[in-house]
2 protein chains.
Amino acid sequence: MSSTTGTDSTPGAIGADPAAPSTAQIMDSMAAVGTAYFHDFAAVVSRHGLTSVQAKTLSLLRRPLPMRGLADRLVCDASNVTGIVDRLESRGLVRREPNPTDRRVKNVVATEEGHATIRRIREEMQTTRDALDGLTLEERAGLYALLQRLRPAMEAPHS
Amino acid sequence: MSSTTGTDSTPGAIGADPAAPSTAQIMDSMAAVGTAYFHDFAAVVSRHGLTSVQAKTLSLLRRPLPMRGLADRLVCDASNVTGIVDRLESRGLVRREPNPTDRRVKNVVATEEGHATIRRIREEMQTTRDALDGLTLEERAGLYALLQRLRPAMEAPHS
DNA sequence: TATTGTTATACTCTATAACTATA
DNA sequence: TATAGTTATAGAGTATAACAATA
């Protein structure tokens, strides 16, 4: 639809219309902002003695999930989840509970400390919060609308 | 979907103004889109037999960089770069060259195949490209402008 | 003395394969 | 037979500490 979505590499685009960014330019910006976001996240969670994947797992446990459900959401093999949950459990941040209806399944539940930890992490991502606070209300609304519009297409099955 | 989208821990925001998203809501969207972007990237580079960090390293080598420069840009300890570059070099994607003016330094240079590989990877990120193609020209311009506005604050030194 | 790059070490994440206990 | 979870294994990324060569 966007007509000239030609691949880019900046053809003869010395004075290119600044209002018509190439796909490559947008991708570069997405990568830069995404990378900065995850650096902020990693720095904050490491102060809590957690790795990124451990904190991500904790953040998925707003409600109990089976090991398998965690593997699906983390987009990794189920065998990895054993170790990740082991380490969170040994720190008292999650618990494994038996599933009453299917004895093969174990439900992973965040403890009160686990919930508190992930709450604090969200609050402590100050670089990201400050960056968002630097936007006007209109810009914040625009950014959110665009990200929400992008999200389903980005998360769609990669045929 | 805005009603029962239990996506985040918004305070008492059941019927919150959709034009005034909370910081937490925006952060969740950023994380979701960022995660999807890096999943696309990881899937594409893995078809080329590369890990994400290897491909990221290759993408930094549009011009030669010393090992130390790579460590700075990858935001990791210098000792890690040895192994990453070792693996890229054993696949013929980069070369180590001596620095004429400082014999302690080794410049890492992408080979022709290295340049071609990173070029192909950018072109093959179809999920991301399709998502961007689903936006109107105005939306693309708005997204790019917002990301560019966010970038310096996000990349700022994390005191 | 300080810096560049490397090695050695230990831990975590990752996929694959094989196993168990359930279903 | 199929599924949930685990274990064993091997490769890769990560930080720390120590080292040689050079500045």
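Throughout, a chain's letter reflects where its sequence line sits, starting with A, and its residues are numbered from 1. What you are looking at is a predicted structure, and each value in this text was computed from that prediction instead of being measured. Scope of the values below: all heavy atoms of this structure, side chains included, with no hydrogens, waters or symmetry mates.
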Using whole Å, report how far [atom1] of [X] lies from [atom2] of [N].
{"X": "A/Arg87", "N": "C/dA10", "atom1": "CZ", "atom2": "C1'", "result": "13 Å"}
{"X": "A/Arg73", "N": "D/dA4", "atom1": "CZ", "atom2": "P", "result": "13 Å"}
{"X": "A/Asp86", "N": "D/dG5", "atom1": "CG", "atom2": "C1'", "result": "11 Å"}
{"X": "B/Glu89", "N": "C/dT6", "atom1": "CD", "atom2": "C1'", "result": "14 Å"}
{"X": "A/Asp72", "N": "D/dA4", "atom1": "CG", "atom2": "P", "result": "9 Å"}
{"X": "B/Leu50", "N": "C/dT14", "atom1": "CG", "atom2": "C1'", "result": "16 Å"}
{"X": "A/Leu70", "N": "D/dA4", "atom1": "CG", "atom2": "C1'", "result": "13 Å"}
{"X": "B/Met67", "N": "C/dT7", "atom1": "CE", "atom2": "C1'", "result": "12 Å"}

May I ask you to say whether A/Glu124 pairs ionically with A/Arg120, meaning some side-chain N is under 4.0 Å from a carboxylate O?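 The answer is no: the pair does not qualify as a salt bridge.
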
Is it true that B/Glu112 and B/Arg95 have a side-chain N and a carboxylate O under 4.0 angstrom from each other? no

In residues 91-100 of chain B, which ones come under 4.0 Å of DNA chain D, going by heavy atoms?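 Those residues: none at all.
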
Looking at residues at least two apart in the chain, or sitting in another chain, which of them share a side-chain contact (heavy atoms from CB on, under 4.5 Å) with A/Leu93? A/Leu50, A/Leu58, A/Leu88, A/Arg91, A/Glu113, A/Thr117

How long is the straight-line distance from NZ of B/Lys106 back to CD of B/Glu97, given to the nearest 0.5 Å? 12.5 Å

When clusters are formed by joining ILVMFWY residues with side-chain heavy atoms under 4.5 Å apart, either directly or through shared neighbours, do B/Leu60 and B/Val105 land in the same one? no

Shared hydrophobic cluster for A/Val33 and A/Leu135 (ILVMFWY, side-chain gaps under 4.5 Å):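 Result: yes, single cluster for both.
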
With the side chain counted from C-beta on, respond yes when A/Gln148 and B/Ser29 share a heavy-atom pair under 4.5 Å apart, and no when they do not. yes

Heavy atoms, side chains only, cut-off 4.5 Å: are B/Thr57 and B/Val108 in contact? no

Starting from the 5' end of DNA chain D, give me the residue, B/Val53 or A/Lys106, whose nearest nucleotide shows up first. A/Lys106

Least distance between heavy atoms, B/Thr35 atom then A/Phe38 atom: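 In this case the closest contact between B/Thr35 and A/Phe38 is OG1-CZ, 3.5 Å.
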
Per B/Arg68 side chain, nearest of listed nucleotides C/dG5, D/dT14, D/dA4: C/dG5

Does A/Thr82 reach a base, just sugar-phosphate, or nothing at all? Heavy atoms under 4.0 Å. base

Whether B/Thr51 contacts C/dT14 is assessed here as follows: a side-chain N or O lying under 4.0 Å from the phosphate OP1 or OP2. Is that the case? no

Going 5' to 3' through nucleotides 15-23 of chain C, assign each nucleotide B (protein heavy atom under 4.0 Å from a base atom), S (under 4.0 Å only from sugar-phosphate atoms) or - (no protein heavy atom that close). BBB----BS

